[in-house]
Amino acid sequence: MLAAALLPVAFVITPGRARRTACRWALAVRFPAEDLTGLTPPTRAAFTAARTQALWRDGELIGLTSGHRDAGEQERLFAAEVRRSGSPAAARRRALPPDESRHVAGTALDIRPVEGARWLERHGARHHLYRVYDNEWWHFEHRPDGPPQRLPHPGSVGHRLSGPLR
């Protein structure tokens with residue numbers, strides 16, 4: 001395991017945070033295109049802590065497919081889904097417009113691989129990371145106020161960006 005091999009070097013460079021550093025290096029090798037930029041600081045900290053625990057406690061790698069998206073990118077994704085599915089109502093089952101997306105707010109994470117998402121579903125509450133939609137095994141949100149209501153899909157009634165965005 002690469003993280004274990006990197007641990008002695010990490011102890012020299014960052015003595016008080018060697019496990020986190022070795023984890024970050026190993027994950028950068030495994031998921032080189034990953035980008036945590038734009039996540040809110042609490043979301044990034046929660047995700048970093050969760051994936052570090054997953055790796056060192058259970059040997060599970062958790063990667064990020066998509067985190068923060070700017071409003072333009074989210075609008076393009078939503079418009080493409082409208083074209084694919086035939087209507088805005090149908091599109092909302094798989095994507096949300098920018099003013100409703102927690103990706104734009106920097107508090108949503110699309111996780112990979114499936115095993116990493118399973119780990120996060122079992123243990124993510126410790127870090128205030130929750131799976132939100134039944135139809136998206138990969139989508140988690142940082143919700144420090146506690147678990148949100150689990151919904152069938154993104155466009156379900158009751159889904160709104162309510163409360164302060166963090």
Side-chain angles (χ1 to χ4, degrees), residues 20 23-24 26-28 30-82 84-85 88-166:
R20 181 170 282 186
C23 178
R24 190 183 69 223
L27 289 165
R30 175 65 176 89
F31 304 114
E34 188 173 85
D35 185 5
L36 304 180
T37 305
L39 294 176
T40 65
T43 301
R44 185 178 183 145
F47 180 58
T48 299
R51 71 195 316 202
T52 299
Q53 181 182 37
L55 178 64
W56 290 107
R57 193 180 95 185
D58 299 318
E60 194 65 61
L61 289 173
I62 299 177
L64 183 70
T65 301
S66 181
H68 174 263
R69 299 180 194 135
D70 67 36
E73 181 182 1
Q74 187 67 30
E75 181 59 43
R76 286 187 293 279
L77 288 170
F78 183 68
E81 190 58 33
V82 168
R84 190 193 71 73
S85 64
R92 291 175 56 80
R93 295 182 66 79
R94 297 184 46 93
L96 292 172
D99 61 330
E100 296 178 46
S101 172
R102 287 196 175 265
H103 282 285
V104 175
T107 60
L109 307 159
D110 289 348
I111 302 300
R112 65 181 167 166
V114 171
E115 297 80 12
R118 285 186 190 134
W119 187 96
L120 201 55
E121 189 161 3
R122 285 189 311 273
H123 305 288
R126 294 180 193 149
H127 306 281
H128 306 289
L129 297 169
Y130 302 96
R131 182 173 163 201
V132 179
Y133 308 121
D134 290 333
N135 73 328
E136 294 186 358
W137 59 263
W138 58 87
H139 183 93
F140 289 78
E141 295 180 5
H142 182 242
R143 300 285 188 98
D145 296 331
Q149 175 186 0
R150 182 84 162 258
L151 301 171
H153 56 79
S156 297
V157 175
H159 181 278
R160 295 289 178 259
L161 287 177
S162 60
L165 295 177
R166 300 177 209 267

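Any value given below was found using the heavy atoms of this structure, including those in side chains, with hydrogens, waters and symmetry copies removed. Since the model is a prediction, treat every value here as computed from it, not as a measurement.
The main-chain N or O of Pro98 is never found under 3.5 Å from a side-chain atom of Glu75 such that the two would form a donor-acceptor pair. Between the Arg93 side chain and the Ala95 main chain, no donor and acceptor come within less than 3.5 Å of each other. A donor-acceptor contact shorter than 3.5 Å links the side chain of His153 to the backbone of Gly155. Side-chain atoms of Glu141 do not come within 3.5 Å of backbone N or O of Thr107 as any donor-acceptor pair. Side-chain atoms of Arg69 do not come within 3.5 Å of backbone N or O of Gln74 as any donor-acceptor pair.
The list of ring-ring contact (aromatic ring centres under 6.0 Å, His included) pairs with a residue in residues 94-114, not counting sequence neighbours, reads His103-His139.
Put simply, CG on Leu129 and NE2 on His123 are 13.0 Å apart, with the number rounded to the nearest 0.5 Å. Leu77 contributes atom CG, which lies 11.0 Å from atom CZ of Arg94 (distance to the nearest 0.5 angstrom). Going from atom CD1 of Ile62 over to atom CZ of Phe47 covers 6.5 Å, rounded to the nearest 0.5 Å. One distance of note links CD of Glu121 with OH of Tyr130; it measures 12.5 Å at 0.5 Å rounding. Between atom CG of residue Leu120 and atom CZ of residue Arg126 there is a gap of 11.0 Å, rounded to the nearest 0.5 Å. Within the model, atoms CZ of Phe140 and CG of Leu109 stand 9.0 Å from one another, a figure rounded to the nearest 0.5 Å.
Asp134 meets the salt bridge (charged side-chain N to carboxylate O under 4.0 Å, His left out) test with Arg150; sequence neighbours excluded. Applying the side-chain contact (heavy atoms from CB on, under 4.5 Å) rule to Ala90 yields the partners Ser85, Ser87; only residues at least two apart in sequence or on another chain are considered.
Side-chain contact check for Arg44 versus His68: every heavy-atom pair is 4.5 Å or farther apart. Arg92 is listed as a side-chain neighbour of Pro97, based on a closest heavy-atom distance under 4.5 Å.
Nearest heavy atom pair, residue Val132 against residue Pro148, reads CG2-CG, 4.2 Å. Shortest non-hydrogen contact noted between Gly67 and Leu39 is CA-CD2, 4.0 Å. In plain terms, the two heavy atoms of Gly63 and Arg51 that are nearest each other are CA-NH2, 3.8 Å. Residues Asn135 and Pro154 approach most closely at OD1-CD, 3.6 Å, considering heavy atoms.
The residues Arg122 and Glu60 are annotated as not salt-bridged, no charged nitrogen and carboxylate oxygen being separated by less than 4.0 angstrom. For the pair Arg76 and Glu73, the salt-bridge criterion is not met [side-chain N within less than 4.0 Å of a carboxylate O].
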